[in-house]
Protein chains: 2
Amino acid sequence: MTKSSPLALSNQLCFAFYSVSHAFSRAYRPFLDPLGLTYPQYVVLLVLWEQDGLTVREIGDRLFLDSGTLTPLLKRLEAAGHIRRARDKKDERQVRISLTEMGRTLRENAEEIPRQVGCMLGLPVDELRALTEQVAKLRGRLHDSASLLAKS
Amino acid sequence: MTKSSPLALSNQLCFAFYSVSHAFSRAYRPFLDPLGLTYPQYVVLLVLWEQDGLTVREIGDRLFLDSGTLTPLLKRLEAAGHIRRARDKKDERQVRISLTEMGRTLRENAEEIPRQVGCMLGLPVDELRALTEQVAKLRGRLHDSASLLAKS
DNA sequence: TCGATATAGATTGTACGCAATTGAATTGTA
DNA sequence: TACAATTCAATTGCGTACAATCTATATCGA
């Protein structure tokens, strides 16, 4: 995947995302390891720290993940003592995820992580912000195209 | 991960990459499925189509993957008939990967994929190019910071 | 030359990611 | 009310990622 290769642009872009996403995951690891968390587990907790008591589906909608990924991940978070899983009384199909006291406490220990990772980036804040928006927009387009493709 | 949440920027950026990378993988799937390939397998073939006869390590260096990931992936590509794996005569530690006739032929069937995915993006070419470079630069910084961290 | 060191790839174990299927609960509708 | 369609989470199976470890080969230094 050298710079000189005449590969089509979308391949280059896709690979850039593919590899930078793994690089980010590795960058977070030294900070998450001491907390006993993986990156996907951390992202789920970020969601719950924002809004507790969501259903599995609501978490999945926010993170673009399905129950096949979330169910075992949530079971691991539960086994670690960070969350509780309980069927919704009103609708027994749904499983509501709520933080334990331990899970809430963990938030404080994780507070410094984004700043420390931010230091590794060495880019001005407004550039980071612009990049984030651009990438999110691109993701939106891909989702839209995919759902169009699925309909036909 | 709502827009209104006050999450730190690096978390936002990391999640943007994390989710767009999966979105890309899903976007490629309809085109790769008929060829019997996964996205990582496709990327390995892209490398080999550029330069045949690389060692496992050389492929890993280009893709930022290690033998733990590549060995089973390459075995599947071999089982599918696309590549051959053979110990290097000069240095028996190394395994050289070469395309079979079938693997070379596959290239033509895959030629249209990046153009089709490109259509789903709906962004001007120079914007895509700029984005690709920016993301690659960011990945470089992360790798550098990570190796600095590993040394200390 | 021989032993220590380094390197390449394979293996093991854990954790995603996701398609496909299943089973239970709910909803829509006749 | 009955019952088909829908929804939600769980499960199964496969393919990555990656740390840690192992084995075989190669290289370096005394």
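In the text below, chain A, chain B and the rest are named by the order of the sequence lines, each starting its count at 1. Since the structure is predicted, the reported quantities are computational estimates derived from the model, not experimental observations.
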Query raised in the report: For DNA chain D, whose closest nucleotide is more 5', that of A:E58 or that of B:P40?
Result: A:E58

So does [X] get a side-chain nitrogen or oxygen closer than 4.0 Å to the phosphate oxygens (OP1/OP2) of [N]?
X     : N      : answer
B:T71 : C:dA10 : yes
A:Q41 : C:dC16 : yes
B:R26 : C:dG17 : no
A:R93 : C:dT26 : no

Would you kindly give the [atom1]-to-[atom2] distance between [X] and [N], to the nearest whole Å?
X     : N      : atom1 : atom2 : value
B:R87 : C:dT7  : CZ    : C1'   : 12 Å
B:L73 : C:dG9  : CG    : P     : 15 Å
A:Y18 : C:dG17 : OH    : P     : 13 Å
B:R29 : C:dC18 : CZ    : P     : 7 Å
B:E78 : C:dG9  : CD    : C1'   : 14 Å
B:Q94 : C:dA10 : CD    : P     : 12 Å
B:D61 : C:dT7  : CG    : P     : 13 Å
A:D91 : C:dG28 : CG    : P     : 12 Å

Has the side chain of [X] got a donor or acceptor atom that lies under 3.5 Å from a matching backbone atom of [Y]?
X     : Y     : result
B:D52 : B:L99 : yes
B:S19 : B:A16 : yes
B:D66 : B:T69 : yes
A:Q41 : A:T38 : yes

Query raised in the report: Would you say the side chain of A:T38 and the base of C:dA15 hold a donor-acceptor pair, judged only by whether the two atoms sit under 3.5 Å apart?
Result: no

Considering every strand and a 4.0 Å limit on heavy-atom distances, what is the contact class for [X]: base, sugar-phosphate, or nothing?
X     : result
B:T55 : sugar-phosphate
B:L70 : nothing
A:R85 : sugar-phosphate

Query raised in the report: Less than 4.0 Å between a side-chain N and a carboxylate O, is that true for A:E78 and A:R85?
Result: yes

Report task. Using a strict cut-off of less than 4.0 Å between a Lys/Arg side-chain nitrogen and an Asp/Glu carboxylate oxygen, indicate whether B:R93 and B:D91 qualify as a salt bridge. Result -> yes

Report task. Classify the angle between the aromatic ring planes of B:F17 and A:F24 as parallel (below 30°), tilted (30 to 60°) or perpendicular (above 60°). Result -> tilted

Query - Value rounded to 0.5 Å, distance of CG in A:D88 from CZ in A:R96 - result: 4.5 Å

Requested in this report: For A:E92 and for A:D66, locate the closest nucleotide of DNA chain C by heavy-atom distance; then report the residue assigned to the nucleotide nearer the 5' terminus.
Outcome: A:D66

Report summary line: First and last nt of DNA chain D near chain A, cut-off under 4.0 Å to heavy atoms, 5' to 3', are D:dT7 to D:dA19

